[in-house]
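The structure appears below as structure tokens.
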Amino acid sequence: MATKQPGVEPDQTPESLDECRRCALWKDATQAVPGAGPRHAPMMIVGEQPGDQEDLQGEPFVGPAGAMLDRALVEAGVARQEVYVTNAVKHFKWEPRGKRRMHKTPAQREIDACRYWLEQETGDVGPKVIVALGATALKSVLRNSKATLQATMGHAVEHEGHAIVATYHPSFALRAPDPETRERVYKAIVDALREAHRLVSRHHKAR
Ligand code: URA
């Protein structure tokens, strides 16, 4: 039988994100970081989890990955104010390295626990197109722990009434060992955002 972790209630139905104890990540985070953007945005962008800056400021994508996302949005002709931006996991998972807090990839059980919130946001916002940045976001959005970027990138897939466009996470570009890879990954992100924008426009025209 799985041992019960103190302060964790996997079946909890919390009233607010701040009270969430569905996994243990709340313990080491400064605060939960909800999504941000217009209530009925036609495009939703889903990242992995808040980073160091997001954890401190309480807003998604305000650190270095956010700066790259902002640049890519501008290049793709998408206004950030028109997009709902959120994460698959709402608390920062990290480990200490010297004085720094280093990002740690969330475990599947943490992605599953936090889907409770992502599904509420998706239901409230009702986006036509969801852009999944990276494998964690894609797994959560598709509710499939085996989903891979390789299998999904380059073509939108229909899922529960949303068009899902998958691409790399900006942090992958930021961590790239050489400028060529960085540029190639960044370009793929811009292309995915352009495609998402095209799908949103097509949906508007069809109405
Ligand atoms: N990376 C993410 O996935 N989300 C953020 O909000 C910031 C960095």
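None of the values given here were measured: they were computed from a predicted structure. In listed order, ligands and their atoms are each counted from 1.
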Look at atom 4 (N) of ligand 1 and say which protein heavy atom is nearest, naming residue and atom and giving the distance to 0.1 Å. Asn87 OD1, 2.7 Å
Just need the protein heavy atom nearest to atom 8 (C) of ligand 1, so name the residue and atom and give the distance. Gln49 O, 3.8 Å
Applying a heavy-atom cut-off of 4.0 Å, say which part of Glu48 lies close to ligand 1: side chain, backbone, both or neither. both
Between Glu19 and Arg21, is there a salt bridge with N-O shorter than 4.0 Å? no
Hydrophobic cluster membership, Leu193 vs Tyr186, 4.5 Å side-chain cutoff: no
So do Glu110 and His91 actually touch side chain to side chain, heavy atoms under 4.5 Å? no
Minimum side-chain heavy-atom gap His203-Pro42 below 4.5 Å: no
What I want to know is whether His169 and ligand 1 share at least one N or O pair that is separated by under 3.5 angstrom. yes
Between Ala65 and ligand 1, is there a nitrogen or oxygen pair with a distance under 3.5 Å? no
Thr86 side chain to Glu121 side chain, donor-acceptor N/O pair below 3.5 angstrom: yes
Please identify which atoms of ligand 1 are closer than 4.0 Å to at least one heavy atom of Gly47. 3 (O)
